[in-house]
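Position 1 is the first residue of the sequence; numbering continues from there.
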Amino acid sequence: MKKRIFKNFSILAIITAVLTAVLISVIFYNFYITSEWESLRNTGYILANTMEDVSDYNFNYLTKVKDQNPNLRLTVVDSKGVVLFDSDTDESKMENHLERPEIKSAIENGSGESTRYSSTLGKDTHYFSILLSNDLVLRIARDSENMFSALSNILPWILVILILVISLSFLMSSLLTKKILKPIQGVTENIDKLIQGVELKEVEIYDELLPFTKAVNRQSLEIKEYIKKLKEKADTIQVITQNMSEGFMIIEKNKKIVLVNNSAIKLLEARDDRDYYGENFIVLSRDMEINRVLEKVLENGENKDIFIHLADRYLNIYINPVMNDGVVIGAMMLIVDNTDKYKAEKMRKEFSANVSHELKTPLTSINGYAEIIESGLTSREDTIKFAGTIRKEGNRLLELIDSIIKLSKLDEDFEEKEFELVDLYELANNTVENFSIVAEEKNISLNVEGSHNQIQANKSMMEELLYNLIDNGIKYNKTGGSVNVKIEYTLSSTILTVTDTGIGISKADQERVFERFYMADKSRGKQSTGLGLSIVKHIVEYHNGKITLKSQEDKGTQITIELNICPRH
């Protein structure tokens, strides 16, 4: 404010000084020109009255006048414009002057005058003509400085005066500015005391500022209350949005981010150590599909939703325009992570297709052999052989159905888990004993390491888990191989490890062996449902555990299961 007042005062002083100098110069020049014309007219009338008779064309008198007044130019012209005498030029060489304004006016009106600028001399020439009694025209001319020439002579003095006036104006502007602002500064420095009603005798205060201080006090209270409410609303919105599992953001018309929660940053695979407020949306996500749809919403004001695969996530993104009086001023974006739903749906479809395929294979075999037997064309030995095949395929079908039922139960939401005290070491020994005959046939040794202890678990599921792991260890083992079951207890968990010396699993298959109906060894397809490890995985998830697999082709496989269950001693 101080600078502005000083600046305004200074500009006003400069403009005033310059205008004053210009006006004075113009007035001076006008006075000068008026005096010149007055002198020229007086000289003309005097010459006209005292001039000798020039009928004999004797212009000696005019020559004497010229000698006495060198700055005058005297010319005599007859009524036809012929120059009879000129004090400065040979009249015989001069052109006709009838059309000269001052001559023409003198012939018509008795006198005339005009001014013409000489570019050669850089001066104005003033002409005054008067009609004599003998119808001759006497013209008197005098050169004078034009306005710019006259002003140039006094310009240095004008500049000196301007500099002095402007310097004085700067000084006065500074003093006046300080004097005007002193009470305002006093109010500013003591505004808190004035708002509280404290009387300040040592501070000069303009009476006009008292209503202002009261208004400031009132506005201050209102602003504080308003800010408090805004902060409460902002905090509420912040808490809601930051605790949303869905991504949420508000974007301006120019794609600048106004609000974005942590879920949106996480779902869009952006850096979580950066503040995106005020940044362009493309800084948060460079996905071209999202940016293209966002620009279309901001441009057309239409609701849009897209489904994209970003990194390892499947996202539904809903973008709605924010309108104000029918004009799009921004957009809201909601990002929903449907990865689990998408994968579950995909898994259900694959499961249905696989179930249909797996059930169709044994049923086709059963129907084929049954039709052959039904035809009566088979011998007794073939009938017995076909019946045995039908029985095996039937058992495989029953095993497949039983596994599917188990998986269906494991797929259900476990709101109430049925746990009891289970001795995992005892269950492992019982399972190994049940497989002893099958293992002996393949010359495979079965071993169990560990000690008796009880944990909280679902007993039937633990039996199923051990059955599938040991069964796989035997099925995919080599003659003379081994299957080792090891049970360890720590302070925070129970660890079950099953190791075999079988054919192993390739790296390409290791990521998929826990999928339903997936079999790494296709040659064993008729000996397995392909659901064993899938059931194991679901049982581990039911117990909130973790399963890891290590395998090397032709060297064996190790499956480790860590259950977050402390044993009871």
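- Counted within 6.0 Å of NZ on K459, heavy atoms from surrounding residues, nucleotides or ligands total 12 or fewer; the atom is thus considered open.
- Using cut-offs of 30° and 60° on the angle between ring planes, the pair Y542 and F419 is perpendicular.
- Within the structure, side-chain hydrogen bond (donor to acceptor under 3.5 Å, both in side chains) contacts touching residues 287-302 (residues at least two apart or in different chains) are K255-N291, K255-E295, E289-R292.
- With a 4.5 Å cut-off on side-chain heavy atoms, L268 and I290 count as touching.
- Within a 6.0 Å sphere centred on CD1 of I384, heavy atoms belonging to other residues, nucleotides or ligands number more than 12.
- Applying the salt bridge (charged side-chain N to carboxylate O under 4.0 Å, His left out) test to residues at least two apart or on different chains, the pairs with a partner in residues 233-242 are K231-D235.
- Within 6.0 Å of NZ in K550 there are 12 or fewer heavy atoms belonging to other residues, nucleotides or ligands.
- By the side chain to side chain donor-acceptor pair (under 3.5 Å) test, S263 pairs with no residue at all, sequence neighbours left out.
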Exercise for review: Could you check N468 against E464 for side-chain hydrogen bond (donor to acceptor under 3.5 Å, both in side chains), going step by step and ending with a plain yes or no?
Suggested key: CA-CA 6 Å; N468 281 289; E464 183 69 25; 3.0 Å; yes
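- The line from OG1 of T339 to CG of L315 is 6.0 Å long, rounded to the nearest 0.5 Å.
- Heavy atoms only, all atoms of each residue included: L267 and L310 are closest at O-CD2, 3.6 Å.
- Counting only residues at least two apart or on different chains, the salt bridge (charged side-chain N to carboxylate O under 4.0 Å, His left out) pairs with a member in residues 311-339 are E269-R313, R313-D337.
- Residues passing the side chain to side chain donor-acceptor pair (under 3.5 Å) test with N447, sequence neighbours excluded: N484.
- Note that CD1 of I257 is 6.0 Å distant from CE of M249, once rounded to the nearest 0.5 Å.
- Listed by chain and number, the residues in a ring pair (Phe, Tyr, Trp, His ring centres under 6.0 Å) with F307 are Y342 (sequence neighbours excluded).
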